[in-house]
2 protein chains.
Amino acid sequence: MPADLHDTITQRLRAVGQRYTPGRRQLVDRLASAPRPVTIAELLDGGARVPQSSAYRNLAVLEQAGVVHRIVTSDDFARFELAEDLTEHHHHLICAVCGGVEDFTAPPGLERTLLRVAGEVAGAAGFTTPTHRLDLIGTCPSCA
Amino acid sequence: MPADLHDTITQRLRAVGQRYTPGRRQLVDRLASAPRPVTIAELLDGGARVPQSSAYRNLAVLEQAGVVHRIVTSDDFARFELAEDLTEHHHHLICAVCGGVEDFTAPPGLERTLLRVAGEVAGAAGFTTPTHRLDLIGTCPSCA
DNA sequence: TCGGATTATGAGGATCATTCTCATTTCTGT
DNA sequence: ACAGAAATGAGAATGATCCTCATAATCCGA
């Protein structure tokens, strides 16, 4: 968590004509301190009073600014995390039963290969600014 | 597309106590002939009359039987494709703007590495029967 | 092959995460 | 401080998805 995290976020919000308000900062703090992607329900329940409509609206704004990333699994709840370039590159281990998500980091060799292949394949299909997402799907211990 | 595709599907449905009815077969045929994952809306619009509630129910049944796979992107529409072991192992190129999905196959070397890493990471986290999903995220030509 | 039990179908209604509306509050620049 | 613009929050509206239930199709034993 860089010391200038909030400065970086301020800049990104400015770039899309948005302010870094207290409510948005509160959301960012929650996401930064969570060890895994967080659902809206978790944000609303977890202590601090965050109005539902503001949470949705501000997460959408933060997503547009490239500050947060929305993750959709097979359950009905979207999950949010800080954008990778604000934390560190990682991937997800997803439970096919309950939709739960865990973080993990891949070995450097695999990442290198992924980066190269992503560029090649995306280029061939005419896609621009490619990034990649690697999910491992299985059954988590509590659903086994 | 194996000649015994429908036999295989019949067996998988039987295994979960379900029948391979004409309506379900129609859905499978649609998915088998599509070059990319298909949305419910595309299934409903595309010529043949498929009642909405039956489409949802039967796709859920086929998913439980391991015959079809549900793909969720950032837009509001779930997409469906035949399970990988009924077609061939492949991955997806997803447009971050419109949510559109294209298929692609990864080089064998990358697949080998992915398989190994998936087993290692999932095992360490206590996840069972791991599989992997590699998505390349970018902007498609029509959204660029 | 026939009848009865079981399962699938389809039309419409219900659900619920998400998004929108709008009156009020807060911020920014002067 | 002030005017204009943007953000907030409570509640209503939206819409993809799922459920209900009466009808129709299928299976199976005799």
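Chain naming here is simple, since letters A, B, ... match the order of the sequence lines and numbering starts at 1 in each. Values in this document were obtained by computation on a predicted structure and should not be read as measured data.
Look at CZ on B:Arg25: it is 18 Å from P on C:dA8, rounded to the nearest Å. Residue B:Leu13 contributes atom CG, which lies 13 Å from atom P of D:dC27 at whole-angstrom precision. Following rounding to the nearest Å, B:Arg70 (CZ) and D:dA16 (P) show an atom-to-atom distance of 14 Å. A:Asp75 has its CG atom 14 Å from the P atom of D:dT17, to the nearest Å. Residue A:Leu44 contributes atom CG, which lies 12 Å from atom P of D:dG9 at whole-angstrom precision. As a whole-Å value, the separation of B:Asp45 CG from D:dA16 P is 12 Å. At whole-Å resolution of the value, CZ in A:Phe77 and P in D:dT17 are 15 Å apart. Rounded to an integer number of Å, the gap from CZ of A:Arg19 to P of D:dG4 is 15 Å.
When the options B:Arg25, B:Gln11, B:His6 are evaluated for a side chain to side chain donor-acceptor pair (under 3.5 Å) with B:Tyr20, the one that passes is B:His6.
With D:dC18, D:dT8, D:dC27 as the candidates, the nucleotide lying closest to the side chain of A:Arg24 is D:dT8. Set against D:dA10, D:dA16, D:dC18, the side chain of B:Asp76 has D:dA16 as its closest nucleotide. For B:Ile40, taking side-chain heavy atoms from C-beta onward, the closest of the listed nucleotides C:dT9, D:dT17, C:dT18 is D:dT17. Picking from D:dG11, D:dT17, C:dT19 the nucleotide with the shortest atom distance to the side chain of A:Ser53 gives D:dG11. Picking from D:dA7, D:dT26, D:dG9 the nucleotide with the shortest atom distance to the side chain of A:Pro51 gives D:dG9. Residue A:Gln18 has its side chain nearest to D:dA7 when only C:dT19, D:dC18, D:dA7 are considered.
There is no side-chain donor-acceptor pair under 3.5 Å between A:His132 and B:His91.
Applying the 4.0 Å criterion to OP1 and OP2 of C:dT18, one finds that A:Tyr56 has a side-chain N or O inside that range. Between B:Thr21 and D:dA25 there is no side-chain N or O to OP1 or OP2 distance below 4.0 Å. Regarding contacts with the backbone of C:dA8, every side-chain N or O of B:Asn58 stays at 4.0 angstrom or more from both OP1 and OP2.
Between B:Val38 and B:Phe80, every side-chain heavy-atom pair lies at or beyond the 4.5 Å cut-off.
Of the charged side-chain nitrogens involved, at least one lies within less than 4.0 Å of a carboxylate oxygen, so that A:Arg12 and A:Asp85 count as a salt-bridged pair.
Positionally, the nearest nucleotide of DNA chain C for A:Ala78 lies more toward the 5' end than for the other of A:Ala78 and A:Arg57. If you find the closest nucleotide of DNA chain D to B:Gln52 and to B:Pro22, the one lying nearer the 5' end belongs to B:Gln52.
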Show me, pair by pair, the donor-acceptor contacts under 3.5 angstrom made by side chains of residues 99-110 of chain B, not counting sequence neighbours?
from, atom 1, to, atom 2, distance (Å)
B:Glu102, OE1, B:Arg36, NH1, 3.0
B:Glu102, OE2, B:Arg36, NH1, 2.5
B:Asp103, OD1, B:His92, NE2, 3.4

